[in-house]
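See below for the structure under consideration.
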Amino acid sequence: MIQLYNSLTRSKEDFVPLGDEVKMYVCGVTVYDDSHLGHALSSIIFDVLTRYLEYRDFKVRKVQNFTDVDDKIINRAAADDVPWEEITERYIESFYESIDGLNVRRANVEPRVTEDMPEIIALIQRLVDGGSAYEMNGSVYYRVRNKPDYGKLSGQNIDEMLGASGGDVESGKEDPADFALWKAVKPDEPKWDSPFGPGRPGWHIECSAMAFKHLGEQIDIHCGGLDLIFPHHENEIAQSESASGRTPFSSVWMHNGMLRIANGQEMSKSLGNAFNVKAALEEFSSDSIRLWILQSHYRTNPLLDKELIGAAERSMRRIRSAVEAENVESDDSLDASAYKRRFVEAMDDDLNTPQALAAIFDLCRKMNRARTDGKDVSGAAELVRELTGVLGFTLEAPPQKNEGLSDDDINALVAQRKEARADKRWGDADAVRDQLDAAGISISDAGDETTWSRD
RNA sequence: GGCGACGUGGCCAAGCGGUUAAGGCGGAGGUCUGCAAAACCUCUAUUCGGCGGUUCGAAUCCGCCCGUCGCCUCCA
């Protein structure tokens, strides 16, 4: 039985989907800039969740949206002096490059706010008709105090929150706690026609509308970063449940932790210290980035430190070499079933990827040992591929950097060294090895055969 | 002020009431090797921020203290 931690109940619960298909909604990105490693973290974690659910024979329908109407997009367009549509196209494209580079599988449906506008407007209308929302000067606001359990996700109390934020500035609302579902048009901003007048959707309504449209009014899992709990997810719950009259909107709420920067500062776009995914992929393999992330539990706040990603790269080499080493055919084969059990047990327990990885590392060591004992480890190697696949690893060697030496150059030098070794001119042989080493090529002798690889 | 998270070996990080406190990186020694690399073996926390308490028994539960951090405003 898979157990997942539910932010709503603050406890681990047995996972039982409502229907035949797991309905999963992931709060996607606002496309106004390149993706950073915080997005990578979130994407990888929920990618692993879908892969694991499928591994455990669930059918999953995953919806992940693009927010392509937003203040930040408008600001970015103004700063770059281009139409806002150009900004969203550019960064949707960029998002795909990043996510593909990280071997994250795409969601089944990837709706955009601009494409689901009729459903968004209809949902707002429904809230107005039901008395949960009201029009005011061309805008529409959600009436927070009409929902007695408002605050149940974040544990926030409306009055205490208002006391801290120093009162609200948006005029024309019945209550400062109310939030905008529809924003009346302002000069030079994108706008759509609606029964309430021209304008654009507020921040939270899109996710409810898209979840309703593509999944239904009650879903199984809703995912996003911890930072979205308030106000975004709190408001989504309020408006969704008010509209549908059904509780809960989502059975499970899953939230990933926030990246910590090595110097102790939290990741924040406003600090301008985001670590670009595409830049990271030039320096590190997707496997090493993934391992670095999955070696911490998804609800903790992993440390972003290049040293740690580098260490993960070395760890990946251990797994790859254990899987790729030549197998000895034998009747005596290694039984790896206990490791599979350990993996499943760990993953069942709220996606305990650090423990799942520990099982894989232990298995790799066991394989290397069994191999020297003359055992057949092909079945075990297959299992490692299977389990690492569930975690989204490719097991591909990192992209090789061109250090100025061509393969022919290297082969010539290796041949030269082989000759020197045959003559027992060890000094000459080692000089060649040093030369290759300086160029980032490491070599390894196995009997007469010498193999080389780029670092 | 309100809501919440966390402090485990040199570093990262599991464990959340009871066998020898996972795993990775790093380090030391060894086997193998002409020497290396890789791999394997051994070692690298009698101890889990501090002080009390509950318990037959606590890293794990409770209280206090110290220290980091997140959210309450746009953010995965």
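Side chains are part of it too, since the values below use all heavy atoms of this structure and drop only hydrogens, waters and symmetry mates. Since this is a predicted model, take the numbers as computed values, not measurements.
What separates CG of A:Asp349 from P of B:rC16 is a distance of 8 Å, to the nearest Å. The distance from atom CD1 of A:Ile289 to atom C1' of B:rC12 is 17 Å, rounded to the nearest whole Å. Rounding to whole angstrom units, CG of residue A:Leu308 and P of B:rA13 are separated by 7 Å. Atom CG of A:Asp227 and atom P of B:rC74 are 12 Å apart (whole Å). The interatomic distance linking A:Asp305 (CG) with B:rA13 (C1') rounds to 14 Å, in whole Å. When rounded to the nearest whole Å, the span between CD1 of A:Ile44 and P of B:rA76 equals 16 Å. The interatomic distance linking A:Ile309 (CD1) with B:rA13 (C1') rounds to 15 Å, in whole Å. Computed from coordinates, the A:His255 NE2 to B:rC69 C1' distance equals 18 Å when rounded to whole Å.
Remark: side-chain polar atoms of A:Ser139 are paired, donor with acceptor, to backbone N or O of A:Ala184 under 3.5 angstrom. Side chain of A:Asn256 to main chain of A:Tyr298: no donor-acceptor pair is present (N/O by atom type, distance under 3.5 Å, no hydrogens or angles). Checking side-chain atoms of A:Tyr25 against main-chain N and O of A:Leu215 turns up no donor-acceptor pair under 3.5 Å.
If you take atom P in B:rC11 and the same atom in B:rG26, they sit 16 Å apart, rounded to whole Å. To the nearest whole angstrom, the two C1' atoms, one in B:rG53 and one in B:rG67, are 22 Å apart. Between B:rU20 and B:rG29, the distance separating the two P atoms is 31 Å to the nearest Å. Here, B:rG49 and B:rG15 have their P atoms 15 Å apart, quoted to the whole Å. The same atom, C1', is picked in B:rG2 and in B:rU44; the two are 45 Å apart, to the nearest Å. Using P as the reference atom, B:rC72 and B:rG17 are 32 Å apart when rounded to the nearest Å. Spacing between B:rA21 and B:rC40 at atom C1', rounded to whole Å, works out to 25 Å. Rounded to whole Å, the C1' atom of B:rC62 lies 11 Å from the corresponding atom of B:rA58.
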side-chain hydrogen bond (donor to acceptor under 3.5 Å, both in side chains) evaluation trace for A:Lys375 with A:Ser333: CA-CA 5 Å; A:Lys375 287 191 183 176; A:Ser333 66; over 6 Å; no
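Checked by distance alone, A:Arg421 brings a side-chain donor or acceptor within 3.5 Å of a matching partner on the base of B:rG34.
Both distances falling under 3.5 Å, in either a Watson-Crick or a G-U wobble arrangement, occur for no nucleotide opposite B:rC74. B:rG57 is unpaired under the criterion used here, namely a Watson-Crick or G-U wobble arrangement in which both key atom distances are under 3.5 Å. Searching all strands for a Watson-Crick or G-U wobble partner of B:rC25 with both distances below 3.5 Å returns B:rG10. For B:rC64, the paired nucleotide is B:rG50, the pair qualifying as Watson-Crick or G-U wobble because both relevant distances are below 3.5 Å. Under the Watson-Crick or G-U wobble criterion, with both distances below 3.5 Å, B:rC40 is paired with B:rG30.
Considering only heavy atoms from C-beta on, A:Ile289 comes within 4.5 Å of A:Trp292 through its side chain. Considering only heavy atoms from C-beta on, A:Leu357 comes within 4.5 Å of A:Leu391 through its side chain. Side-chain contact check for A:Asp349 versus A:Lys12: some heavy-atom pair is nearer than 4.5 Å. Taking the side chain as every heavy atom from C-beta outward, A:Ile92 and A:Arg112 approach each other to under 4.5 Å.
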At a cut-off of 3.5 Å, list every protein nitrogen or oxygen paired with a nitrogen or oxygen from nucleotides 3-6 of chain B, distance to 0.1 Å.
| from | atom 1 | to | atom 2 | distance (Å) |
| --- | --- | --- | --- | --- |
| B:rC3 | O2' | A:Ser154 | O | 2.9 |

Could you pull out the protein-nucleic contacts involving nucleotides 37-41 of chain B (nitrogen or oxygen on both sides, under 3.5 Å)?
| from | atom 1 | to | atom 2 | distance (Å) |
| --- | --- | --- | --- | --- |
| B:rA37 | N3 | A:Ser444 | OG | 3.2 |
| B:rA39 | O3' | A:Asn368 | ND2 | 2.9 |
| B:rC40 | OP1 | A:Asn368 | ND2 | 3.1 |
| B:rC41 | OP1 | A:Arg369 | NE | 3.0 |
| B:rC41 | OP1 | A:Arg369 | NH2 | 2.9 |
| B:rC41 | OP2 | A:Arg365 | NE | 3.2 |

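Checked against side chain to side chain contact (heavy atoms under 4.5 Å, CB included), A:Ser250 has the following partners two or more places apart in sequence or in another chain: A:Ile219, A:His222, A:Trp253.
A cation-pi geometry, defined here as NZ or CZ lying under 6.0 Å from the six-membered ring centre and within 45° of its normal, holds between A:Arg299 and A:Tyr5. A cation-pi arrangement, defined by a distance under 6.0 Å to the six-membered ring centre and an angle within 45 degrees of its axis, is present between A:Arg106 and A:Tyr96.
Here A:Phe361 does not pack flat against the base of B:rG23, since the 5.5 angstrom centre distance and 30 degree tilt limits are not both met.
Of the listed nucleotides (B:rA14, B:rA76, B:rG24), B:rA14 has the atom at the smallest distance from the side chain of A:Ser296. Looking at the side chain of A:Asp430, the nearest of the listed nucleotides B:rA22, B:rC71, B:rC35 is B:rC35. Comparing atom distances between the A:Asn352 side chain and each of B:rA76, B:rA14, B:rC25 picks out B:rA14 as nearest. Of the listed nucleotides (B:rG23, B:rA14, B:rC35), B:rC35 has the atom at the smallest distance from the side chain of A:Arg417. Closest approach to the A:Gln355 side chain among B:rA76, B:rG26, B:rG15 is made by B:rG15 (side chain taken as heavy atoms from C-beta onward).
Annotation: of the two residues near RNA chain B, A:Cys223 and A:Ala312, the 5′-most nearest-nucleotide partner is A:Ala312. Residues A:Tyr298 and A:Arg433 both approach RNA chain B. Their nearest nucleotides, taken by heavy-atom distance, put A:Tyr298 toward the 5′ side.
Ion pairing between a basic and an acidic side chain is recognised when a charged N comes within 4.0 Å of a carboxylate O; A:Asp70 and A:Arg200 show no such pairing.
Among the heavy atoms of the strands, none lies under 4.0 Å from A:His232.
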